[in-house]
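Heads up: the structure comes next, in structure tokens.
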Amino acid sequence: MDDPGDNTRLVGRSPARERLHRATELVIETVIRVCGVSAVIFVFGIFYFVFREAAPLLFGGLDLGQLLTSSAWYPDSSNPRYGAFALIAGTLSVTLLAMLIAVPLGLGAAVFVSEFCTGRTKEILKIVIELLAAIPSVVWGFIGLVILNPVIIDLFDTPVGLNILNGAILLALMSVPIMVSIGEDALKAVPDAYREAAEAMGATRWQVTWRVLLPAARNGLLAAVLLGVGRAVGETMAVLMATGHSVNVPDSPLDSVRTITATIAAELGETAQGSNHYRVLFVLGSLLFLITFLVNLTADLVIRGVKKR
Amino acid sequence: MTKPQGIRTENLSLWYGQFQALLDVSLEIHHGRVTGLIGPSGCGKTTLLRCFNRINERIDGVRTAGHVHILGEDIYAPGVDLVELRKRVGMVFQRPNPLPLSVRENVLFGLRIHFRRGELRKDELAHAVEASLKEVGLWEALKDKLGHRATSLSLEQQQKLCIARLLPLRPEVLLMDEPCSALDPAATQRVEQLIRELRDRYTILIVTHNMAQARRISDECIFMLLGKLIEHRRTEDLFISPKDERTANYVEGRFG
């Protein structure tokens with residue numbers, strides 16, 4: 001430091017300014033810290049409130065075995081029975097079928113947008129796909145009721161078109177946009193050096209995608225799929241309108257079902273606060289929470305397992 | 001089979017959009033020798049190298065004129081199979097770029113993309129891995145780590161692996177774009193040693209910034225300046241008695 005000008009400035013700062021400087025620094029740091037921690041607070045907060053409403057019933061006489069294995073859902077009967085097996089089966093079947101449709105479609109679209117498309121086509125496609133994400137779920141439900149319903153009746157010759165297939169198609173279309181945008185980000189993050197290396201060895205674009213990009217972007221693509229699953233498990237309005245709302249353990253994709261979310265949405269408004277029916281719906285809410293938590297945890301473990309190798 | 005030919009270009013020019021990066025380059029590179037490409041930054045030596053496997057075409061707006069014959073075939077003729085070309089002309093990049101796969105799968109990558117699953121026998125694959133890694137001197141170090149991710153190796157091992165993965169396809173030309181610039185001096189020495197050992201069986205073309213390196217490993221040397229080929233001679237001649245004044249100025253370090 002032999003520049004005297006620099007030196008005088010370093011020393012010459014007044015103590016008052018120095019204190020102000022420290023104070024603002026502290027405030028900014030605190031604000032940022034709060035932002036970071038708030039996510040954790042919200043998650044725990046939501047879980048706490050849901051669980052608080054559920055707890056009195058959960059620990060006060062609810063037959064958990066019945067809840068998980070029986071499909072007798074008669075919460076309002078004089079002899080109430082809370083068997084949620086059919087609802088769980090409904091949620092899982094719709095989600096599973098939705099993912100069977102959405103994963104190939106979403107990841108395929110992500111690969112197409114990221115690797116096989118350039119310029120205007122790419123921009124237009126991205127905008128349209130993101131527009132798909134902006135459609136409200138009640139509108140999707142409407143499409144299921146009015147458009148898909150008769151199509152399914154015609155195509156499969158079934159009496160009702162409001163069933164697992166209908167709901168799954170809607171959920172698939174709803175979760176595709178998030179899969180595409182997260183998936184495309186994951187593919188874009190793969191260093192170009194990998195593509196170049198593979199191409200220089202004579203790989204075709206398809207081989208580059210299949211043998212290099214998909215393995216390299218595996219974690220990001222898994223995250224894309226799981227966000228899609230999360231969206232599908234938690235989606236309420238569209239499945240409420242499109243799956244037929246009948247408590248039923250399905251044995252074909254053309255059966256009508258009712259999901260956990262649809263049950264909560266449809267029944268919570270009708271119950272007396274604090275009643276057993278009210279509380280059992282919160283138990284179902286906790287169950288949903290548990291399902292998404294397990295999905296995320298599995299994903300985490302999978303990713304970590306992959307990393308170790 | 002006739003005597004393997006190297007690379008021959010006739011009036012090769014290349015444009016990036018409006019900018020002309022190569023001007024009428026005509027040269028002949030011989031099989032079984034190491035040819036060094038030297039010149040200051042931006043002189044077009046890497047661009048020239050990247051013409052020989054047509055990897056330049058990944059960039060939009062690249063246009064070429066003239067002819068490049070590799071192994072007796074015009075590689076810019078219409079209908080040339082890029083896949084087949086790149087199988088015969090391997091490339092090593094400036095930064096080691098092993099694929100994010102296992103060591104084994106990196107070595108086998110070329111075989112996997114050029115042959116169908118049914119055409120590859122298990123024992124042949126195992127043999128290819130061992131032979132290729134032995135050829136680059138990695139076998140002893142990596143034979144128990146074939147399942148490890150290639151990206152976790154040291155830079156020197158990564159770069160040697162990048163050379164090894166070209167070998168199972170039996171290329172005839174190896175293009176190397178400053179292959180040692182990311183390595184420390186000891187690793188550089190060992191990779192240079194490897195290049196010398198490979199020389200007899202391949203046409204090796206190596207771009208380097210490092211004139212001492214060009215002197216150490218090349219048999220012939222090409223000096224380029226502003227997209228033009230200035231001088232192409234035996235390495236010792238080029239360094240000791242350059243014909244062109246610009247070559248003399250460059251090899252004596254007066255510019256560059």
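The chains referred to below are lettered A, B, ... by the order of the sequence lines, with proteins before strands, and numbering in each begins at 1.
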(request) Report the option among P191(A), A198(A), P215(A) that has the most heavy-atom pairs separated by less than 4.5 Å from atoms of chain B. (result)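 That would be A198(A).
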A quick test of your reading: do over 12 heavy atoms of other residues, nucleotides or ligands sit less than 6.0 Å from [atom1] of [X]?
X	atom1	value
K122(A)	NZ	yes
H67(B)	NE2	no
R170(B)	CZ	no
D81(B)	CG	yes
F116(A)	CZ	yes

At a 4.5 Å cut-off on heavy atoms, which part of [X] comes close to chain A: side chain, backbone, both, or neither?
X	answer
P171(B)	neither
T151(B)	side chain
R165(B)	both
V92(B)	neither

Minimum-distance pair of heavy atoms, taken over all atoms of [X] and [Y]:
X	Y	result
A197(A)	N97(B)	CB-ND2, 3.3 Å
V212(A)	P100(B)	CG1-CD, 4.3 Å
N53(B)	A200(A)	ND2-CB, 4.1 Å

(request) Kindly indicate whether the side chain of L101(B), heavy atoms from C-beta on, has any atom under 4.5 Å from the side chain of R211(A). (result)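 Heavy-atom side-chain distance check fails, nothing below 4.5 Å.
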(request) Compare all side-chain heavy atoms of K87(B) with those of M201(A) and state whether any distance is below 4.5 angstrom. (result)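 They are not in contact (no side-chain heavy atoms under 4.5 Å apart), so the answer is no.
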(message) So that I can tick it off, tell me whether E196(A) and R50(B) are bridged by a salt bridge, with the cut-off set at under 4.0 angstrom between side-chain N and carboxylate O.
(response)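 Salt bridge between R50(B) and E196(A), a charged N being under 4.0 Å from a carboxylate O: yes.
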(request) Quick one: pull up CG in L82(B) and OG1 in T204(A) and give me the separation to the nearest 0.5 Å. (result)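 Rounded to the nearest 0.5 Å, the CG-OG1 separation comes out at 11.5 Å.
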(message) Nearest 0.5 Å, please: how far is CZ in R58(B) from CZ in R195(A)?
(response)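 The CZ atom of R195(A) sits 7.5 Å away from the CZ atom of R58(B).
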(request) Check the pair W210(A), I113(B) against side-chain contact (heavy atoms from CB on, under 4.5 Å), reporting the backbone distance first and the verdict last. (result) CA-CA 10 Å; W210(A) 185 251; I113(B) 59 177; over 6 Å; no
